[in-house]
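One structure is given here, and the rest of the page talks about it.
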Amino acid sequence: VPPSAPFLSSLYPRLEFQNDFYRSSIRRSSPQPPPNLAWRPESLYSGERAGGGYLSLSKVVPFSHYAGTLLLLLAGVACLRGIGRWTNPQYRQFITILEATHRNQSSENKRQLANYNFDFRSWPVDFHWEEPSSRKESRGGPSRRGVALLRPEPLHRGTADTLLNRVKKLPCQITSYLVAHTLGRRMLYPGSVYLLQKALMPVLLQGQARLVEECNGRRAKLLACDGNEIDTMFMDRRGTAQPQGQKLVICCEGNAGFYEVGCISTPLEAGYSVLGWNHPGFAGSTGVPFPQNEANAMDVVVQFAIHRLGFQPQDIIIYAWSIGGFTATWAAMSYPDVSAVILDASFDDLVPLALKVMPDSWRGLVTRTVRQHLNLNNAEQLCRYLGPVLLIRRTKDEIITTTVPEDIMSNRGNDLLLKLLQHRYPRVMAEEGLQVVRQWLEASSQLEEASIYSRWEVEEDWCLSVLRSYQAEHGPDFPWSVGEDMSADGRRQLALFLARKHLHNFEATHCTPLPAQNFQMPWHL
């Protein structure tokens, strides 16, 4: 037991006197407080002599106790979960089926595995992008870098690409990259945001169960060339009495759409065989939905439909809603033998729509970011396709209009139609044809459309005979020079006839489901 302070003072009075004298002398010579020379026994237990009293062993020990207790609790929870799973006969049966499916992906094992809902990362890969023998033998197919895309032209032509110019462009390129990979991608594809997926998860699970139980859907995991895993669902109608069941409709969803609850229901109700898939980063699909990853995913989906499901390209129809028009037009451009393309509420180019929602002062940055990282050039890709095309325009669309929904002429579906017709029939879509088609597009009702159509006395039989005779003489490849030696009235009639065959109106908003009776095959000669 340490001695008390009075007892020490009686034993060492000289030390206390000297200490008082030292304090007074220090106080007179310096404004700083003097060190205390008196012995304080309690300092032996406070830790101040070791480090000033701020971090002591008595403070560290409780923290380590708390951390150890937390780790023990976590380990105990993990052990209890493991014991619970091991003692559950249904879970052990699920593990047995999952391991058997990884070893042998037979139809029976896949059928039993589809009865369980679990993390899709553990689902075995059903189809690999290199699986087709033609891909392994050819050198022109996609590499691990990705499939081929149409690259945008440089903003300033004729400028020398010197080192100095590259250095000057570097800050703008870095800014565009950061904007595209942070704010831009999430605004363009909100369905890839984790919180939104978490909120929609109960609805997605219900939709997935409905497709499996009611429509005999078969789920599959596809591995794309970039390493992303694509979640798909296939509904086979080839065994039914309906003739359209022999056709396969590949559905491309919107920027917040999933095959569980998306546009897949329209062709299903119409009686077609349907293949749905989720964008990279959506639900069970991995990756990030950038244009390159989107095209890579679409490529492996089409390959899966041809080489695993057994559909010929002539029996495949590409159907897209909204932003899904990018992957649909890419597939039509890359697989020109597909039967038809149907684009519902889609647009021609992303730049005008991106400028609509961003400040005017950001115009240069937005244009550069879209062109370099988010270039959804639907019209450019669609013009590379030679087959039948049908565009469905929503007359009350509030998403792909650049002004207000009531201004139907600001709907970017109009520009998609005009660019397609101008590419295929440049002589018909000259000044007279372009003007009369714009008038027809400006009509806000079916009555106004019919009035414009009858005003120019369009003779459909004559238009068909002109087009068929030209096709028989020159072949089906576009662009056509039909209308070169034709009167202005003849070009107007042909322009209106072609516009009406390529675009159908649907009086609804952007997100209204398309009824099955409006799902029609495109017109062709």
Side-chain angles (χ1 to χ4, degrees), residues 107 110 114 126-129 131-132 134-135 207-208 210-212 214-222 224 230-253 257-260 262-279 285 294-321 324-344 346 382 385-390 392 514 516-522 524:
S107 58
K110 298 300 288 293
D126 299 277
F127 185 82
H128 195 279
W129 68 281
E131 185 170 326
S134 58
R135 289 288 179 88
Q208 188 181 113
R210 180 183 62 85
L211 294 175
V212 173
E214 300 179 7
C215 304
N216 296 322
R218 301 203 311 248
R219 199 179 185 189
K221 177 190 286 189
L222 316 183
I230 308 303
D231 185 7
T232 66
M233 182 71 73
F234 171 58
M235 278 66 63
D236 195 355
R237 299 289 182 84
R238 286 174 288 189
T240 62
Q242 298 175 327
Q244 58 266 36
Q246 304 300 319
K247 296 283 188 178
L248 174 67
V249 178
I250 299 179
C251 297
C252 304
E253 300 290 345
F258 303 81
Y259 73 72
E260 292 88 346
C263 65
I264 195 175
S265 60
T266 299
L268 271 178
E269 294 178 5
Y272 291 88
S273 297
V274 180
L275 176 60
W277 61 282
N278 282 330
H279 297 282
S285 298
E294 289 277 299
N296 297 339
M298 188 64 186
D299 178 69
V300 73
V301 168
V302 176
Q303 289 291 322
F304 174 70
I306 297 174
H307 296 280
R308 179 61 62 86
L309 301 181
F311 288 91
Q312 297 298 321
Q314 296 80 7
D315 298 327
I316 295 177
I317 302 163
I318 309 296
Y319 169 53
W321 172 63
F326 172 74
T327 51
T329 54
W330 181 90
M333 174 187 67
S334 304
Y335 296 89
D337 294 332
V338 295
S339 177
V341 174
I342 303 175
L343 303 180
D344 179 16
S346 194
L382 185 61
Y385 176 62
L386 306 179
V389 176
L390 175 62
I392 300 176
L514 184 70
Q517 60 267 21
N518 291 75
F519 188 80
Q520 303 173 4
M521 289 298 102
H524 64 91

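Here, residue 1 is the first one in the sequence, and each next residue gets the next number. Only heavy atoms go into these numbers, but all of them, side chains included; no hydrogens, no water, no symmetry mates.
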Determine all donor-acceptor pairs shorter than 3.5 Å in which one atom belongs to a side chain in residues 233-243; sequence neighbours excluded.
unit_1 : atom_1 : unit_2 : atom_2 : d
D236   : OD1    : R238   : N      : 3.0
D236   : OD1    : R238   : NE     : 3.0
D236   : OD2    : R238   : NE     : 3.4
D236   : OD2    : R238   : NH2    : 3.1
R237   : NH1    : L268   : O      : 3.2
R238   : NH1    : L309   : O      : 2.9
R238   : NH2    : L309   : O      : 3.2
T240   : OG1    : R237   : O      : 2.7

Exercise. Would you say the side-chain atoms of N278 pair up with the backbone N or O of Y259, donor to acceptor, closer than 3.5 Å?
Worked result: yes
For this session: Quick one: pull up CD1 in I316 and CG in L275 and give me the separation to the nearest 0.5 Å.
Result: 8.5 Å
Problem set entry | Closest approach of G271 to Q244 (non-hydrogen atoms, all atoms of both residues) | O-CG, 3.4 Å
Exercise. Looking at A305 and I250, what are the two nearest heavy atoms and their distance?
Worked result: CB-CD1, 4.2 Å
Exercise. With a 4.5 Å limit on heavy-atom distance, are the side chains of S273 and V249 in contact?
Worked result: no
Exercise. With N296, which residues qualify under side-chain hydrogen bond (donor to acceptor under 3.5 Å, both in side chains), at least two apart?
Worked result: D226, Q292
Seminar exercise, completed: Nearest heavy-atom contact between A220 and F304 is CB-CZ, 4.1 Å
Exercise. Listed by chain and number, what are the side chain to side chain contact (heavy atoms under 4.5 Å, CB included) partners of N518, not counting sequence neighbours?
Worked result: F506, L514, P515
Problem set entry | All side chain to side chain contact (heavy atoms under 4.5 Å, CB included) counterparts of P336, not counting sequence neighbours | none
Problem set entry | CD on Q314 to CG on D337, rounded to 0.5 Å | 5.5 Å
Problem set entry | For E253, all residues meeting side-chain hydrogen bond (donor to acceptor under 3.5 Å, both in side chains), sequence neighbours excluded | none
Problem set entry | For the student: nearest non-hydrogen atoms of W277 and T232, plus distance | CB-CG2, 3.8 Å
Seminar exercise, completed: Contacts of F326 meeting ring pair (Phe, Tyr, Trp, His ring centres under 6.0 Å) (sequence neighbours excluded), chain-then-number -> none
Problem set entry | T266 side-chain N/O to A516 backbone N/O, donor-acceptor pair under 3.5 Å | no
Seminar exercise, completed: For V300 and L222 the tightest heavy-atom approach is O-CD1, 3.9 Å
Exercise. For the residue pair C263 and Y319, what are the closest heavy atoms and their distance?
Worked result: O-CE2, 3.6 Å
Problem set entry | Side chain proximity check, R210 to E260, heavy atoms < 4.5 angstrom | no
Problem set entry | Rounded distance (nearest 0.5 Å) linking atom CD of E269 with atom CD1 of I264 | 11.5 Å
For this session: Using side chain to side chain contact (heavy atoms under 4.5 Å, CB included) as the criterion, list what pairs up with A328, not counting sequence neighbours.
Result: C252, I318, A320, L343
For this session: With sequence neighbours left out, write down each residue that passes side chain to side chain contact (heavy atoms under 4.5 Å, CB included) with S339, or none if nothing qualifies.
Result: K247, I317
For this session: With sequence neighbours excluded, tell me which residues meet ring pair (Phe, Tyr, Trp, His ring centres under 6.0 Å) with Y272.
Result: F519
Exercise. Side chains of V274 and L248: does their closest heavy-atom pair fall under 4.5 Å?
Worked result: no
Exercise. Are any non-hydrogen side-chain atoms of I342 and P522 less than 4.5 angstrom apart?
Worked result: yes
Exercise. Any salt bridge between D231 and K221, counting N to O under 4.0 Å?
Worked result: no
Problem set entry | Under the side-chain hydrogen bond (donor to acceptor under 3.5 Å, both in side chains) test, residues paired with T327 that sit two or more places apart | none
For this session: With sequence neighbours left out, write down each residue that passes side-chain hydrogen bond (donor to acceptor under 3.5 Å, both in side chains) with R308, or none if nothing qualifies.
Result: E131
